[in-house]
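In what follows, a structure is listed as structure tokens, so that the remarks can point back to it.
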Amino acid sequence: MIVEQALLAAAAALVVLAAAVLYRAVRGPTMQDRVVAVNVLGTNTVVILALLSAALDVPSFLDIALVYALLNFLMAVAISKFTVDRGGVM
Amino acid sequence: MDVTPLEVAVVGFLLGGVFFTFVTAVGVIRLPDVYARAHTASQTDTLGAGLTLIAVALVLGLETTTVKTVLLVAFIFVTNPTAAHAIARAAHEEDIEPWREDR
Amino acid sequence: MSDAERSTYTESEVIMSTVRVVTPFVLTFGLFVTFHGADSPGGGFQGGALVGTVALMLAFAFGIDATRRWLGRRAVTAAASLGVIAFAAVGLGGVALGSSFLDYTAYKALPLKKPVKLGIEAVEIGGIGLIVGGVIAGLFFLTAAGPDADADADAGTVPGDGADTGGGPGGDAE
Amino acid sequence: MIAPVGYALVAFVVAAAVATALLRDVLAAIILFAAYSLGMALLYTLLLAPDVGLTEAVVGAGVTTVLLLLTIAETVRPTDGGALERPDPRAAVACGALAVVFGLTLPDLPAVGDPDSPVIAYERVTGYYLSQSYAETGVENTVTAVLAAYRGFDTFGEATVVFAAGVAAMVVLRREVLT
């Protein structure tokens with residue numbers, strides 16, 4: 001019981017932190033700053049999903065967390081490679 | 001109120017994880033330039049995520065689903081620094097000057 | 001960015017190594033999501049998209065043109081077409097066994113363990129998964145091929161030289 | 001205890017959506033849209049729709065972002081401020097009013113997973129699938145059973161649409177690449 005409460009509290013705290021990091025994604029100033037922020041957001045999402053999976057006892061949420069961990073990397077690499085120059089490297 | 005050692009460990013790891021994620025958020029918001037922000041995203045964030053996922057693995061116990069948690073930790077430890085490297089490299093290619101105190 | 005600068009850009013060794021480690025996992029996990037879609041969240045659509053993502057990941061690490069040449073555009077399109085054919089074949093199999101289109105209970109006539117579940121999985125994996133994966137990879141490679149990319153030159157067609165008559169692209173895309 | 005997580009997520013998603021709509025730089029808007037997708041998939045998962053969450057994760061965060069990036073890679077960044085006009089305040093007011101109107105309907109919705117909600121309690125559709133799908137198909141995931149078995153014909157049409165749309169886009173793109 002204590003453990004579940006702790007897991008959910010941690011998830012809530014991480015969501016609040018994610019909302020705070022969103023400030024950097026909105027503010028910029030460079031594109032790379034936004035990508036850093038979204039990357040942190042993605043990692044947070046993975047962790048939140050894992051926490052929810054343990055707290056609500058739904059093991060299949062871990063599948064979604066794994067998908068996120070994979071795609072978060074793809075997203076960061078894609079955007080950063082792209083922003084080298086618009087259409088420059090790709 | 002009696003607490004088992006496992007519960008203490010879980011709460012401890014959770015506190016550590018949330019703390020390091022908090023440090024990440026502060027770093028991403030407060031640090032002066034993109035290189036500094038990328039480094040906080042790669043290091044403290046990876047550590048925070050790892051600690052929190054260890055707590056999740058402890059809660060789940062010895063089951064087959066725990067393998068996925070271990071995989072998640074391994075993944076984040078490999079991919080997060082690589083993503084930060086990609087971002088920093090992109091910033092360098094775009095000739096973004098690192099921040100210096102005298103400017 | 002000038003052409004001289006562009007040619008000096010090399011693919012990052014760090015990203016290449018990581019992708020080399022990560023890609024087998026992504027592929028395996030995409031197949032897991034596809035094959036296990038009957039009993040856990042997921043299915044052909046999500047799994048197919050994940051498998052298609054593998055092509056994207058390889059392309060970002062090793063260069064888009066190199067990956068496209070290695071994978072072959074025809075293989076991608078063929079996978080998508082094969083998906084539609086497989087889906088229709090599973091459906092028509094029900095008709096052939098004397099029932100209606102896509103009626104999996106018809107497969108109970110065959111000596112299979114769980115005929116209905118097998119039919120559903122065949123549609124999910126062979127049909128939807130192949131279609132989605134193929135379409136995503138194909139769209140990605142064609143969108144990524146910029147205006148100055150060589151169009152594979154697989155049939156000896158020179159870009160902008162008689163290929164825009166309409167017969168050229170349609171002819172060698174099959 | 002689950003409610004605070006939900007409220008925080010809704011706030012996050014709304015903030016990301018508003019930021020996506022208001023940012024004038026297309027690339028920044030795409031990156032913000034990826035953040036929005038992350039929050040949205042989390043929200044779907046929290047509302048116990050993991051299949052939808054998984055789809056949003058794969059398509060919204062991964063594939064859509066990459067395809068949008070590739071598309072604007074073919075364009076040039078506008079150098080004069082002409083294309084970057086400010087959002088119309090009247091449109092903002094209209095959107096806000098619409099959001100408020102929809103928000104007013106929220107208290108009348110049944111709770112998530114409420115067994116007495118009309119959709120679930122109606123025995124002839126949802127109730128039937130939930131109680132009978134495993135016995136009839138042997139598939140544990142009801143969503144997959146409905147998609148592939150009960151509505152197989154519909155899914156066949158959808159898969160064909162995806163294929164046809166993809167092939168049509170590929171033909172057009174290929175012609176553009178060649179010319």
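Here is the naming used below: chain letters follow the sequence lines, and residue numbers restart at 1 for every chain. Atoms considered below: every heavy atom in the structure, side chains included; atoms not considered: hydrogens, waters and symmetry mates. Just so you know, these numbers come straight off a predicted model, no measurement behind them.
- Of all the listed residues (A:L66, A:N72, A:V77), the one sharing the greatest number of non-hydrogen pairs under 4.5 Å with chain B is A:L66.
- When each of B:T24, B:L60, B:N80 is checked for heavy-atom pairs under 4.5 Å with chain A, B:N80 comes out on top.
- Considering all non-hydrogen atoms of both residues, B:R30 and A:R24 come closest at N-NH2, 4.4 Å.
- Contact annotation: the side chain of A:L62 approaches that of B:L72 to within less than 4.5 Å [non-hydrogen atoms, C-beta and beyond].
- In terms of non-hydrogen atom pairs under 4.5 Å with chain B, the most contact-rich of A:V46, A:L14, A:L17 is A:L17.
- Contact record, A:V40 with B:A41: CG2-CB, 3.6 Å, taken as the closest heavy-atom pair.
- Counting heavy-atom neighbours within 6.0 Å of B:F13 CZ, excluding the residue itself, gives a total of 12 or less.
- Residue contact with chain A, scored on non-hydrogen atoms closer than 4.5 Å, involves the side chain of B:V10 exclusively.
- If you measure heavy-atom distances from B:T21 to chain A, the contacts under 4.5 Å come from both the backbone and the side chain.
- With a 4.5 angstrom heavy-atom cutoff, B:V28 touches chain A via backbone and side-chain atoms both.
- Contact count against chain A (heavy-atom pairs under 4.5 Å) is highest for B:I87 among B:I87, B:T66, B:V18.
- Heavy atoms of B:I76 lying under 4.5 Å from chain A belong exclusively to its side chain.
- Using a 4.5 Å cut-off between heavy atoms, B:L14 contacts chain A through its side chain alone, with no backbone atom that close.
- For B:F22, the parts lying near chain A are the backbone and the side chain together; criterion is any non-hydrogen pair under 4.5 Å.
- The structure places CD of A:Q32 at 12.5 Å from CZ of B:R89, a figure rounded to the nearest 0.5 Å.
- Atoms CG and CG, from A:D33 and B:D33 in turn, are 8.0 Å apart once rounded to the nearest 0.5 Å.
- Among the candidates A:L74, A:D63, A:V16, the residue making the largest number of heavy-atom pairs closer than 4.5 Å to chain B is A:D63.
- Contacts of A:A50 with chain B are made by both backbone and side-chain atoms, with heavy-atom separations under 4.5 Å.
- When each of A:V47, A:N39, A:N44 is paired with B:D45, the side-chain contact (heavy atoms from CB on, under 4.5 Å) condition holds for A:N44 and for no other.
- Interface remark: B:V11 contributes side-chain atoms only to the contact with chain A (heavy atom separation under 4.5 Å).
- Considering CG of B:L53 and CG of A:L49, their distance stands at 10.5 Å, rounded to 0.5 Å.
- Heavy atoms closer than 4.5 Å to chain B are found in both the backbone and the side chain of A:L51.
- Among B:G48, B:G17, B:A91, B:A55, the residue with the largest count of heavy-atom pairs under 4.5 Å with chain A is B:A91.
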